[in-house]
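This report concerns only the one structure given below.
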Amino acid sequence: MKAKPFIVGFFALVVLIAAVSAYIAATIDRADKTVSMLLSPDGKFKAVKTTVTGGGAAPFCVSGVSVFLAAYAEDYAETRREYEVYSGPCGKFANDEPSPKVEWQSNTALQITHVPVAANAKLPKLRNIDVTKSVHVTFATRE
């Protein structure tokens with residue numbers, strides 16, 4: 001007989017937690033993620049650009065570029081930060097093209113062009129060589 005109040009209380013708690021979870025999921029804006037991949041000319045490496053944007057009360061946009069062997073899946077860039085060569089705020093160039101722009105200059109040379117950072121924005125993290133020490137990265141700033 002004493003188990004019945006416990007079971008009823010437990011199920012009431014489960015229903016309350018489910019209701020709170022549903023409310024939070026419905027009211028919080030989700031971030032949008034886009035992933036693009038660019039193979040090196042010889043097909044050995046790939047540069048993966050991941051952009052995460054969010055709206056709402058505090059809009060944001062952050063991009064990261066990772067370089068690794070072409071055999072790995074694109075989602076590898078999300079879990080292994082040591083392969084990241086660029087991480088910073090994103091934006092748009094004067095011609096409305098998204099920033100940063102990623103271009104292979106040769107089989108082992110990658111150029112990342114980005115917009116200047118606003119005075120109040122966080123500076124991008126730049127690494128001029130990938131973790132394998134095979135791909136050299138150059139950075140350029142363009143309006």
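Heads up: numbering here begins at 1 and tracks the sequence. Values below: every heavy atom of this structure, side chains too, minus hydrogens, waters and symmetry copies.
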Completion exercise
dist Ser40:OG -> Gln105:CD (nearest 0.5 Å) comes out at 12.5 Å

Exercise for the section: Please identify each residue that fulfils side chain to side chain contact (heavy atoms under 4.5 Å, CB included) with Lys125, with sequence neighbours left out. Expected result: Ser87

Completion exercise
Here the pair of heavy atoms bringing Leu38 nearest to Glu103 is CD2-CA, 4.2 Å

Exercise for the section: Please list, chain by chain and in numerical order, all residues satisfying side chain to side chain donor-acceptor pair (under 3.5 Å) with Arg127, sequence neighbours excluded. Expected result: none

Fill in the blank from the handout: Between Val135 and Trp104 the two heavy atoms that sit nearest each other are CG1-CZ3, 3.7 Å

Handout entry: Pairing residues for Ser66 by the side chain to side chain donor-acceptor pair (under 3.5 Å) criterion, not counting sequence neighbours
Key = none

Problem - Test applied, side chain to side chain contact (heavy atoms under 4.5 Å, CB included); reference residue, Thr53; option that passes from Thr34, Val62, Asp32 - result: Asp32

Handout entry: Non-neighbouring partners of Lys46 that pass salt bridge (Lys or Arg N to Asp or Glu O under 4.0 Å), sequence neighbours left out
Key = Glu74

Exercise for the section: Could you tell me which residues satisfy side chain to side chain contact (heavy atoms under 4.5 Å, CB included) with Leu13, sequence neighbours excluded, listed by chain and number? Expected result: Ile17

Fill in the blank from the handout: Sorted by chain and residue number, the ring pair (Phe, Tyr, Trp, His ring centres under 6.0 Å) partners of Tyr72 (sequence neighbours excluded) come out as Tyr76

Fill in the blank from the handout: By side chain to side chain contact (heavy atoms under 4.5 Å, CB included), Cys90 pairs with (sequence neighbours left out) Thr51, Cys61, Ser63, Pro100

Fill in the blank from the handout: Taken in chain and number order and not counting sequence neighbours, the residues that satisfy side chain to side chain contact (heavy atoms under 4.5 Å, CB included) with Ser134 are Phe45, Asp130, Thr132

Problem - Counterpart residues, side chain to side chain donor-acceptor pair (under 3.5 Å), relative to Asn107 (two or more places apart) - result: none

Counting only pairs under 3.5 Å, give me each side-chain donor-acceptor contact of residues 108-118, with atom names and distances, residues two or more places apart or in other chains.
| unit_1 | atom_1 | unit_2 | atom_2 | d |
| --- | --- | --- | --- | --- |
| Gln111 | NE2 | Thr113 | OG1 | 3.4 |

Exercise for the section: Please list, chain by chain and in numerical order, all residues satisfying salt bridge (Lys or Arg N to Asp or Glu O under 4.0 Å) with Glu97, sequence neighbours excluded. Expected result: Lys101, Arg142

Problem - Nearest heavy-atom neighbours spanning Phe93 and Pro98 - result: CE1-O, 3.5 Å

Handout entry: same_hphob_cluster(Ile129, Val67) at 4.5 Å side-chain heavy-atom cutoff
Key = no

Practice task
Tell me, please, which residues at least two apart from Lys33 pass side chain to side chain donor-acceptor pair (under 3.5 Å).
Solution key: Glu78

Handout entry: Validation row: Thr141, Phe139 side chains within 4.5 angstrom (heavy atoms)
Key = no

Handout entry: Minimum heavy-atom distance between Val48 and Phe68, given as atom pair plus value
Key = CG2-CZ, 3.6 Å

